[in-house]
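All figures in this text were calculated on a predicted structure; none of them were measured in a lab.
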Amino acid sequence: MLELIDRTRLGLPDELMQARHLLEDQRRVVVEAEQESERILSRAETEAARIVAEAEARVAGDGRRPRHRRAGPGARRTVLAEAEERAAKDLQ
């Protein structure tokens with residue numbers, strides 16, 4: 001019985017070190033995931049702005065005001081949502 005207690009006590013530091021390494025790995029993975037999500041979001045926002053600018057240029061080329069400037073705020077949100085959706089699809 002005493003031998004079992006001694007082995008358990010001696011094995012404890014190794015288990016604590018393993019647990020510490022696991023926690024460090026977990027933190028690293030979370031930080032990397034957060035950084036990647038920031039990069040993806042930034043690219044999506046940039047792409048959405050580009051798509052909106054292209055759409056405005058096409059409409060302006062027709063001699064008309066862009067659809068989102070003719071319409072009310074609700075329609076502007078719709079145009080923006082459509083552009084963001086297209087940007088998200090393009091990033092996939």
Test of understanding: with side chain to side chain contact (heavy atoms under 4.5 Å, CB included), list the residues that count as partners of Glu24, not counting sequence neighbours.
Arg20, His21
Taking side-chain hydrogen bond (donor to acceptor under 3.5 Å, both in side chains) as the test, write out the residues that go with Glu32, two or more places apart.
Arg28
Return the set of residues passing side-chain hydrogen bond (donor to acceptor under 3.5 Å, both in side chains) with Arg27 (not counting sequence neighbours), or none when no residue passes.
none
Partners passing side-chain hydrogen bond (donor to acceptor under 3.5 Å, both in side chains) against Glu36 (at least two apart in sequence or in another chain)
Arg39
Residues at least two apart in sequence or cross-chain that pass salt bridge (charged side-chain N to carboxylate O under 4.0 Å, His left out) with Glu15, listed by chain then number, are none
Who are the side chain to side chain contact (heavy atoms under 4.5 Å, CB included) partners of Glu85, not counting sequence neighbours?
Lys89
side-chain contact (heavy atoms from CB on, under 4.5 Å) between Val29 and Gln26, worked out
CA-CA 5 Å; Val29 167; Gln26 178 188 21; 5.9 Å; no
Intermediate values then yes/no, side-chain contact (heavy atoms from CB on, under 4.5 Å), Thr46 and Arg50:
CA-CA 6 Å; Thr46 300; Arg50 183 188 67 76; 5.7 Å; no
